[in-house]
Trainee: 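Sharing a structure with you now.
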Amino acid sequence: MNGVKNLPAQHDNLIINYLHDMANIELSEQEVIRRESLAKMRELGINPYPAPLYPVNTTAKEIEAGYDPEKGNFQEVCLAGRIMSRRIMGAASFGELQDSTGRIQIYVKRDEICPDEDKTMYNTVWKKLLDIGDIVGIKGFAFITQTGQLSVHVKELTVLSKSLRVLPIVKTDADGKVYDGFSDPELRYRQRYVDLIVNPQVKDVFVQRAQIVATMREYFNEAGCLEVETPILQSIPGGATARPFITHHNALDIDLYMRIANELYLKRLIVGGYSGVYEFAKDFRNEGMDKTHNPEFTCMEIYVAYKDYNWMMRFVEQMLEKISIAVNGTTRVKIGEQEVDFGGTLIDAIFGTYCEDHLIEPTFITDYPVAMSPLTKRHRDNPNLTERFELFVCGKELANAYSELNDPIDQLERFEEQAALKSHGDDEAMFIDYDFVRALEYGMPPTSGLGMGIDRLTMFMTGQTTIQDVLFFPQMRPEKVLKKEEKAAGEA
C-alpha cells in the first residue's frame with residue numbers, strides 16, 4: 001500500500017477491495033497468454049511500456065491524403081498506433097496500423113527491422129509476442145504495393161504498449177456486411193474505450209459534437225457576448241424546477257447542491273453590467289434516466305441585455321442553420337426515420353395546438369401560462385401568459401427561452417408561490433433565492449435568455465436517437481464483476 005498511506009481510510013478500503021477482486025477474477029486463456037508474452041518481452045530486455053516520448057511526425061490520414069508516388073514524398077515517416085491485423089508470410093508480413101485518424105497498411109520485412117544477425121525483434125517479438133491491439137511505433141517510408149495498396153515500409157519497430165485484453169474483431173465482407181460487431185449498447189457505453197477502437201465511426205460523432213460547440217462559441221463571440229463560468233456547488237439550487245443532488249462541505253459543515261441550472265448567476269452578471277454572457281455548463285438533476293435524459297448533462301445558457309424572446313427566436317434560427325451547415329454541409333438532417341430542415345422554422349403562437357410528438361420540423365411553441373414560468377416576464381398583451389418559447393424538434397424539447405423577468409417584486413411573489421408548492425411536497429419546486437431578488441432590486445435591464453441542451457442538440461445534428469450515443473461516458477449502474485468462486489458456483 002506504499003504511496004496511498006495518507007489517503008482517507010475509505011480510499012484504502014477501495015484499493016484493498018479492488019486488488020482482492022482482481023486477484024479473484026478468472027482470466028481467459030488469451031489473457032493468460034498475453035501476460036506470458038509480456039513477461040517474455042521483459043526477459044528479452046524489452047520494456048513493453050517505455051517512456052512516453054515517441055517522435056511521431058505524421059498520421060495515417062495525412063499519408064493517405066498527401067502521398068504522391070511521382071514526388072516520392074513521405075520517405076521518412078514516423079507514426080504510432082494499434083496493430084489491427086497481421087498476415088505473416090515467413091520473412092515478410094503485412095499488417096494494419098490504426099492511429100487516431102484511421103488505418104494504414106504496413107509492410108514488415110525481417111531483414112529490414114533486424115539488419116544485424118540477431119533476428120529476435122522479427123522472429124520472436126513481431127511474430128509471437130505481439131498481438132492485435134498492441135500499440136507500436138514505426139519508422140519507414142510510404143510506397144504503393146504491386147496490388148496498388150498504399151503502405152508504409154517499416155524500417156524500425158518499437159513496442160510502445162502491450163495490450164493484455166483481447167479486442168473484439170469486427171469483420172467486414174466484400175459487400176460491406178459487418179460480422180462480430182461490438183454492438184451491444186451495455187458493453188459499448190460501459191467500455192467506451194473499446195467502442196472507440198473497434199467502431200471508428202463513433203469517433204466522428206464526438207468530433208461533430210466539438211464542431212457544434214465551436215460554432216456556437218464563434219457565433220456568440222461575434223454577437224459580442226462573453227463566455228463566463230459560474231459555480232457548480234450552490235447553496236440554493238436555482239434556475240429550474242428539478243430535484244437536485246445534495247453533497248456536504250466538510251470545512252463549512254453545510255449541505256450544498258450540485259447545479260441544476262446556471263440561469264440566476266448569469267443574470268446577476270447582466271445586473272453587473274455585461275451586455276451578453278453565456279456558459280457551457282455541466283448541470284446535474286437527480287431524476288430519471290432514459291434515451292434523452294442523463295443525470296449529468298451539458299447545457300448552454302446565454303443572456304443578452306435589451307433583447308426580447310422574439311429577437312431570441314431569430315437568433316436561434318440563424319444559429320441552428322450555421323451549426324447544421326458546419327457539421328453536415330447542409331441544413332437538412334436525418335434523425336432516425338425523420339428528415340428535418342434547420343434552414344427555416346415554423347412558429348406556432350398557441351401552446352397546445354399540436355401534440356409534441358407531432359412536432360417533427362423545428363417548431364417554436366410560445367406564450368406559456370404564468371404558473372409554468374416562474375422566471376419569465378409577463379406577456380405584454382396578456383398578463384396571464386409569459387413571453388416564453390420552447391423549441392421542439394422531432395417531438396423533443398431542444399431549447400427554452402424567455403423575455404426575462406426583471407421586476408423584483410413580481411419575482412419574489414413567484415418564488416413564494418414555488419415555496420408553497422415545495423411545502424406541499426413538490427420536491428422539484430424552486431427555492432426562494434433572496435440574493436437574486438436583491439440583485440434584481442439594483443436593476444436588471446430588459447433581457448432575453450436561452451437555455452439549450454448540448455447533448456440533445458448533438459443527437460439531432462448527428463442523427464443519433466439516444467443520448468448515450470453522444471456522451472463518452474453515460475451514467476450506468478455499477479458493473480457486476482464475476483469472481484472465480486461465483487463463476488464456479490454458477491457452473492455447478
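Nothing here was measured: the structure is a model prediction, and the numbers come from that model.
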Trainee: N199 side chain to Q201 main-chain N or O, any donor-acceptor pair under 3.5 Å?
Mentor: no
Trainee: Would the distance check show the side chain of T465 and the main-chain N or O of G336 forming a donor-acceptor pair, the cut-off being under 3.5 Å?
Mentor: no
Trainee: Of the options R285, K282, R259, which is the one that meets E296 in a salt bridge (charged side-chain N to carboxylate O under 4.0 Å, His left out)?
Mentor: K282
Trainee: If you count every heavy atom of other residues, nucleotides or ligands that lies below 6.0 Å from E76 atom CD, does the total exceed 12?
Mentor: no
Trainee: Heavy-atom count check: over 12 atoms from other residues, nucleotides or ligands less than 6.0 Å from R243 CZ?
Mentor: no
Trainee: Do any N or O atoms from the side chain of S151 and from the backbone of Q149 form a donor-acceptor pair under 3.5 angstrom?
Mentor: yes
Trainee: Spell out, as yes or no, whether a donor-acceptor pair under 3.5 Å connects the side chain of R110 to the backbone of N123.
Mentor: no
Trainee: More than 12 heavy atoms of other residues, nucleotides or ligands under 6.0 Å from NZ of K119: yes or no?
Mentor: yes
Trainee: Can you find a pair of side-chain heavy atoms, one from M41 and one from L130, that are under 4.5 Å apart?
Mentor: yes
Trainee: With a 6.0 Å cut-off on the ring centroids, do Y219 and F315 count as close?
Mentor: yes
Trainee: Between D469 and R188 (salt bridge meaning N to carboxylate O under 4.0 Å), is one present in this structure?
Mentor: yes
Trainee: Between R190 and E186, does at least one N-O distance fall below 4.0 Å, as a salt bridge requires?
Mentor: yes
Trainee: For residues 126-146, which residue pairs qualify under side-chain hydrogen bond (donor to acceptor under 3.5 Å, both in side chains), counting only residues two or more places apart or in two chains?
Mentor: S93-W126, D131-K162, D134-K162, T145-T147
